Amino acid sequence: MSAVVVIGTQWGDEGKGKIVDYLAEKADVVVRYQGGNNAGHTVVVNGKEFKLHLLPSGILYKEKICIVGNGVVIDPEVLLKEINGMKEKGIDTSGLKISNRAHVIMPYHRLLDAVEEEYRGDFKLGTTKRGIGPCYMDKNAREGIRVVDLMDEEDFCAKLERNLEAKNHLLKAVYGVEGFDYEAVKKEYLEYANQLRPYVADTATVLNDAISSGQKVLFEGAQATLLDLDHGTYPYVTSSHPIAGGACIGAGIGPTKISKVIGVVKAYTTRVGEGPFPTELKDATGDHIRERGHEYGTTTGRPRRCGWLDAAVVRYAGIISGIDYMAITRLDILDELPVLKLCTGYKYQGQLLKEFPASLKVLAKVEPVYEELPGWQTSTSGVRRYEDLPLNARRYIERLSEVAGIKIGIVSVGPGREQTMILHEMF
Ligand code: GDP
Ligand code: IMO
Ligand code: MG
């Protein structure tokens, strides 16, 4: 049995897409299990760049089954654009399967996301405004519209009518904005339904059958541990469960089926949106990392906040998801720095903290404890064997492994498939 879960260990954009694409070569099935088109996963194949928001990164290989699981929230317009964009590039999308239990993002979710953010003022979360939070809110309030409803015209119309009545009232009365016309939304969404129908399936059955017959399954997390609704830096989080446990709920498999968990770790730290970030660099080094690393959001284009590698965060992610191996990415971005700082823990009011703080007030005030390590100041992007990495680069990631308590499984020194070193086979 081989079911490998790949998750982000920091605040997202660690390079999950690249690692999943790399590992997908050996997989039969690739599954997205949470989030929506707030995710932006960039994959580079033979110098060609693909930006994925909803489709699993396995889509770039022929003859793989790619599942969009029940835990994902689907904006049908975005998904269809992505499918059609792939077809135009000659990518075969016939292996795509969309869960009939996934929830559908509606136009009022997107508008609510925008007006709620405005209403929050100084307390805004910095969401991607893609309607993710409001869609999960409806799911939890048991008012959402699922793919299975969208496929049934009668059910869809009844649910749309009820939802629009409530949402239009809310939009007008609380936020002072116009709502949506029933006929227009109905027409638009029934057209999406027709186009999506061939892909809709009971994906939990497909997946469990695949596992039972010995096929290899890869789960692709979106977002990351510190954006997890329960375990992240709440409320500056997303509304789903990017941790490894989320794969069980968001895809419909038992925890006993997961054979390995891989945590993707960017060799430094970034964050988009609001919320505390203990190792943030608001200086020339932060700017150097942002420019050298092109750290601007794939989804929103916002500049990403950059900082030193925080091993306290990675250690926490390792515990919460039971991570077996780290996949360290973007080591090459640090090639020019003379000295690197690694955060090994936090001090609060003079005391070393034993746990990752739940209180954001505490997290905002902690003092990171740093170890200084010498840089390597040589290019690593052409290195193909771990032993050939500069000694100081190996020392840096080996010290991270020691402090985080997680073994190194993969090291990546560039966006291409060939710029990947495997220290342990994952399948
Ligand atoms: P994701 O959301 O976790 O999939 O990450 P993103 O795609 O948002 O951001 C990661 C970016 O880094 C993408 O543009 C990748 O192509 C790129 N990338 C991944 N691994 C490496 C690496 O080792 N080195 C460099 N230079 N770029 C990488
Ligand atoms: P990938 O999969 C980085 C952040 C947003 C915001 C918070 C809540 O590419 O790593 P939301 O729209 O989800 O309600 O926004 O979460 N966020 C991400 N940050 N990478 C992502 O995805 C993200 N998806 C959401 O910036 O702070
Ligand atoms: Mg991303």
Side-chain angles (χ1 to χ4, degrees), residues 6-22 32 34-45 47-54 56-57 72-73 75 105 109-110 112-114 116-117 124-137 220-229 232-240 242 263-277 289 292-305 327-335 379-381 383 410-421:
V6 177
I7 60 155
T9 57
Q10 296 152 315
W11 278 283
D13 305 319
E14 295 89 351
K16 298 175 290 292
K18 145 140 194 186
I19 298 299
V20 169
D21 168 76
Y22 182 86
R32 264 287 300 270
Q34 45 73 226
N37 59 309
N38 47 351
H41 300 174
T42 303
V43 179
V44 179
V45 184
K48 249 192 176 161
E49 200 174 74
F50 296 87
K51 289 188 188 299
L52 301 161
H53 298 286
L54 274 163
S57 299
V72 176
V73 287
D75 187 325
I105 295 181
H109 292 137
R110 288 192 299 258
L112 279 166
D113 202 352
E116 281 167 358
E117 271 286 86
K124 74 173 191 286
L125 305 175
T127 76
T128 59
K129 299 191 180 148
R130 299 297 191 267
I132 308 297
C135 185
Y136 279 116
M137 277 166 72
E220 173 177 359
Q223 290 82 49
T225 307
L226 289 188
L227 291 173
D228 184 273
L229 184 59
T233 46
Y234 189 91
Y236 299 102
V237 293
T238 192
S239 300
S240 66
V264 186
V265 182
K266 195 185 284 200
Y268 48 94
T269 315
T270 60
R271 166 159 215 182
V272 212
E274 308 302 315
F277 177 176
I289 294 175
R292 188 169 154 78
H294 309 290
E295 289 291 358
Y296 294 88
T298 311
T299 300
T300 58
R302 289 179 288 177
R304 293 173 181 153
R305 300 156 65 193
I328 300 165
T329 62
R330 304 200 124 228
L331 193 62
D332 53 300
I333 302 301
L334 304 178
D335 284 351
S379 171
T380 53
S381 57
V383 178
I410 299 174
V411 180
S412 164
V413 289
R417 282 178 183 164
E418 68 291 352
Q419 292 169 301
T420 320
M421 292 165 249

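Bear in mind the structure is a predicted one, so any value in this text is a computation, not a measurement. Values below: all heavy atoms of this structure, side chains included; hydrogens, waters and symmetry mates excluded. Remember, it's 1-based here, ligands and their atoms both numbered in the order they're listed.
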Looking at every non-hydrogen atom in both residues, tell me the closest pair between A222 and A39 and how far apart they are. CB-CB, 3.8 Å
Is the shortest heavy-atom distance from the side chain of N38 to the side chain of T300 under 4.5 Å? no
Indicate yes or no: does K266 engage D13 in a salt bridge with an N to O separation below 4.0 Å. no
If you count the non-hydrogen atoms of other residues, nucleotides and ligands that lie under 6.0 Å from OH in Y234, is the total more than 12? no
Who are the side chain to side chain donor-acceptor pair (under 3.5 Å) partners of T269, not counting sequence neighbours? none
Could you pull out the closest heavy-atom pair between S239 and G133, with the gap in Å? OG-CA, 3.4 Å
Determine whether a donor-acceptor pair (N or O, by modelled atom type, separation under 3.5 Å) exists between the side chain of R271 and the backbone of Q10. no
State, with a plain yes or no, whether a side-chain heavy atom of V6 is found less than 4.5 Å away from one of E220. no
Tell me, which residues have any heavy atom less than 4.0 Å from some atom of ligand 1? D13, E14, G15, K16, G17, K18, G40, H41, T42, T298, R304, T329, R330, D332, I333, S412, V413, G414, P415
4.5 Å side-chain heavy-atom contact, L331 and V383: no
With a 4.5 Å limit on heavy-atom distance, are the side chains of L125 and E274 in contact? no
For the residue pair R302 and T128, establish whether any side-chain heavy-atom pair is separated by less than 4.5 Å. yes
Below 4.0 Å from any atom of ligand 2, which residues have a heavy atom? Give them in chain and number order, please. W11, G12, D13, K16, N38, A39, G40, H41, L125, G126, T127, T128, A222, Q223, L227, V237, T238, V272, G273, R302
Distance-only, no hydrogens or angles: does the R32 side chain make a donor-acceptor pair with backbone N or O of Q34 under 3.5 Å? yes
Test: D75 and R130 ion pair at under 4.0 Å: no
Just to be sure I understand the site: which N, O or S atoms from the protein are less than 2.8 Å away from the Mg ion (ligand 3)? D13 OD1, G40 O
